[in-house]
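If you read the sequence from its start, that first residue is 1, and numbering goes on from there.
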Amino acid sequence: MASLSSASVSLVRTPTHLPCFRSNHGKVQSLNRYSKTKTTHLSINSSLRMCSIAASDSPLSTSMYELSSKKVWIWTENSQVMTAAVERGWDTFIFSSQNQGLANEWSKIALIDPLFIKEGEIFDNAGERVATIFQVSTPSELKKLHPEAHHVENVVIDLLDWQVIPAENIVAEFQGSKTTVFAVSKSPAEAQLFLEALEHGLGGVVLKVEVVKAVLDLKEYFNRRNEVHNRLSLTKATITQVHAVGMGDRVCVDLCSLMRPGEGLLVGSFARGLFLVHSECLESSYIASRPFRVNAGPVHAYVATPGGKTSYLSELKAGKEVIVVDQTGKIRTAIVGRVKIETRPLILVEAKVCLSHTLSTFWFATIRMFISNSIFSILDATLFILLLQIDANDQTVYSILLQTAETVALVCPHEGNRMQKTVIPVTSLKAGDEVLLRLQGGARHTGIEIKEFIVEN
């Protein structure tokens, strides 16, 4: 049985509290949570959530990321890497059995859970085995790896030759098993490959690095994927003006994912308000459905990207990521496969939002909560009345330019479970129609929202 070389490894987990560094150099009390039950081992406090990036009810899309937990260990002897991990709430580390001194030193700096590598096994501080380690360089070695063979809760594999095919074989072999399989990764890109194998991915990765940036990049990757936990808040907007403006360079964004009815990209002339532009997934009489495409707008327009950022449509290219949003605000990420820029006739669409209605609805719900808890006060009532006095016709104008074509459409508001139209083609759009808008901060610097005074018209 092959063993990993002497080094220390940190276990990454979802932070449930702020990282706790020691204010003194006293000896840390051993954390023996792993030895309490054989069926928990490393999985208790090492989870980072990764979600499906596709709508679960979509027959067209597949789930690259499961809702199950993904675990990450970091294999390092660099104290700066350790610090970066602990600062992000990742506090379980693995050391070689000969490196007890380093474990003790790091335990004086931060609250960590030390685990130890010895002769191809990983043990907790009480001497209980929590994982087995294998090196795989041939098909015959890979065949020896199956759930019933080792009766251990965690398996770490070091793929010395091929990576993708063995990882896919392991995912298939261990599906439904309670065993968590990790793969040693020498970069965040390799870690991503293992976490995405056969869509479901391995249960975890061991990031073997000595540089802080690798830890930061992997955490950013998880953060982007974790966005799909949330639903974006979309606002109902009323069309105020629609008229043709002439020719311009418009951008078709072709994704490496299929979209379903109700899904599209968030696009707008101003970052303060992005319209939900529908994909070309709907059938029509004159052109075939292209469920991978969004005819998004002209080159200057903003498009929403992961991490709350925006890009210009002209900046998109193969390999970049965007977020796909549906009628209910559910989001997922998708990779751009191709961008087509062509000169086409454009139409200007403008809309406004009833700000007072939005705020009043929010405060009405808040006041109901106050009343139910018997803490409603005169101050609350006064504030509510003031909100009702806000001008119902907010003067902020939100606009987008789109190609004048029947296949280009904006998404309508979703009204509970009631059946209604999903989209309105721009060629049928008129004043008074209602569409979905994403409101956000307008000031941007290289696509990142910033707080500053800004006027855009």
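Leu232 places a side-chain heavy atom less than 4.5 Å from the side chain of Ile323. Side chains of Leu195 and Val205 form a contact here, defined as non-hydrogen atoms less than 4.5 Å apart. Using a 4.5 Å cut-off on side-chain heavy atoms (C-beta onward), Val299 and Ile341 make contact. Between Val336 and Glu321 the shortest side-chain heavy-atom distance does not fall below 4.5 Å. Contact of the Val251 side chain with the Pro298 side chain is not registered, since no non-hydrogen atoms from C-beta on lie closer than 4.5 Å. With contacts defined as side-chain heavy-atom distances shorter than 4.5 Å, the pair Val164/Leu193 qualifies. Between Ser289 and Ser284, every side-chain heavy-atom pair lies at or beyond the 4.5 Å cut-off. Looking only at side-chain heavy atoms (C-beta outward), Ile157 and Val181 come within less than 4.5 Å of each other.
Distance OG1/Thr235 to CG/Leu276: 12.0 Å, rounded to 0.5 Å. Between the OG1 atom of Thr240 and the CG atom of Asp433 there is a distance of 11.5 Å, given to the nearest 0.5 Å. Here the straight-line distance linking atom CG of Leu255 with atom OG1 of Thr333 works out to 10.5 Å at 0.5 Å rounding. Note that CG of Leu437 and NZ of Lys236 are 13.0 Å apart. Values are rounded to the nearest 0.5 Å. Atom CD in Gln403 sits 4.5 Å away from atom CG in Asn295 (nearest 0.5 Å).
Checked for salt-bridge contact, Glu342 and Arg250 meet the test: a charged N lies under 4.0 Å from a carboxylate O. Between Arg260 and Asp326 there is a salt bridge, with a side-chain nitrogen of the basic residue lying less than 4.0 Å from a carboxylate oxygen of the acidic one.
Tested against Phe182 for a ring-ring contact (aromatic ring centres under 6.0 Å, His included), the candidates Phe134, Trp73, Trp75 yield a single pass: Trp73.
Surrounding CD of Gln80 are at most 12 heavy atoms belonging to other residues, nucleotides or ligands under 6.0 Å away. Around the NZ atom of Lys213, the shell of radius 6.0 Å holds no more than 12 heavy atoms that belong to other residues, nucleotides or ligands.
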Item to check | Working for side-chain hydrogen bond (donor to acceptor under 3.5 Å, both in side chains), residues Thr396 and Lys352 | outcome: CA-CA 6 Å; Thr396 302; Lys352 290 185 178 180; over 6 Å; no
